[in-house]
Student: 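Got a structure here, written out as structure tokens. Questions coming.
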Amino acid sequence: MGVPTLGCTCAVCTSSDPHDKRLRPSALLRWPDPVTGVERVVVIDTGPNFREQALREHLTHIDAVFYTHAHADHILGMDDLRPLSFLTYRKNGPIPLYASEATAAVLEKIFSYTLSPQATYPNRARVELKPLEARNIFAGVEFLRVPLLHGQLPITGYRFGRTAYLTDVSSIPEKSFKLLEGLDVLVLSALRHKPHATHASIEQAVAWAGRIGARQTWFTHIAHDLGHEETNRTLPQNIQLAYDGLSVPIIL
Ligand SMILES: [Zn+2]
Ligand SMILES: [Zn+2]
Ligand SMILES: [Zn+2]
């Protein structure tokens, strides 16, 4: 829902700590292409805050988007890819949007004016849906699809190099733990202390983080129940709440 949460006057929503201001979750990966040296930019999810996040990070281009699932807080900023897609279209063609069949179906419905084969709107985003495979190689980097459950909904987490990004997860299938061995960095959603039908609680996420054993785990998708400082004080050093704008070096 974002923090402050609309209509709420709780201690976290009214906190003056900038770490307690939370836009909708997403991730940005940047790396120099090993052949050309040109910076590659990949985004995981384009939620309703995509535009302001892109401005904050001074994005001048995007090479690809990977989607986790089709809930509003992860997809509704897709249309704001337009200006970036106009800039790169002539050189690189449409921006690929990697999405599962179920996610693609929702994107096609919501953004039919862009994605339908009959779309005629001339200024539509230059984007193209790409089927999501178990292994997806983009610009020389492998993005492994990590199957997860979000309540009853099958969703996608990603592993790239020794980093994984798993959001909106309430259950990790046993087979997926195998894909998460040997991680340096794990980004994992943890909503709040109180159990929730479709999101892991802090306690559940701490247990998974311990089992997966990444060197550092960052919690994301955090509700207004959790104050940044006070919650981090209760967590181990290698499992901490992430915050907007957090930047972490990773090995791809
Ligand atoms: Zn609140
Ligand atoms: Zn969701
Ligand atoms: Zn979500």
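Order of listing sets the numbers, starting from 1, for every ligand and every atom in it.
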Student: Can you tell whether the side chains of D184 and R162 come within less than 4.0 Å, N to carboxylate O?
Tutor: yes

Student: Taking the inter-plane angle between the rings of H150 and H199 on a 0 to 90° scale, is it parallel (under 30°), tilted (30 to 60°) or perpendicular (over 60°)?
Tutor: perpendicular

Student: State which residue, out of T114, L107, V106, fulfils the side-chain contact (heavy atoms from CB on, under 4.5 Å) condition with I110.
Tutor: V106

Student: Test your reading of the model: is there a side-chain donor-acceptor pair from R159 to the backbone of E181, 3.5 Å cut-off?
Tutor: yes

Student: Short of 2.8 Å from the Zn ion (ligand 3), name each protein N/O/S atom, waters not counted.
Tutor: D73 OD2, H74 NE2, D168 OD2, H221 NE2

Student: Below 2.8 Å, which protein N, O or S atoms neighbour the Zn ion (ligand 1), ignoring water?
Tutor: C8 SG, C10 SG, C13 SG, H224 ND1

Student: What is the minimum heavy-atom distance between A214 and L186, and which atoms define it?
Tutor: CB-CB, 3.7 Å

Student: Could D20 and R22 be called an ion pair, given the rule that one side-chain N must be under 4.0 Å from one carboxylate O?
Tutor: yes

Student: List the residues meeting side-chain contact (heavy atoms from CB on, under 4.5 Å) with H193, not counting sequence neighbours, and say none if there are none.
Tutor: I202, E203, L226

Student: Which residues pass the side-chain contact (heavy atoms from CB on, under 4.5 Å) test with V248, sequence neighbours left out?
Tutor: V185, W218, L246, I250

Student: How long is the span from the CD atom in Q237 to the CG atom in N232, to the nearest 0.5 Å?
Tutor: 8.5 Å

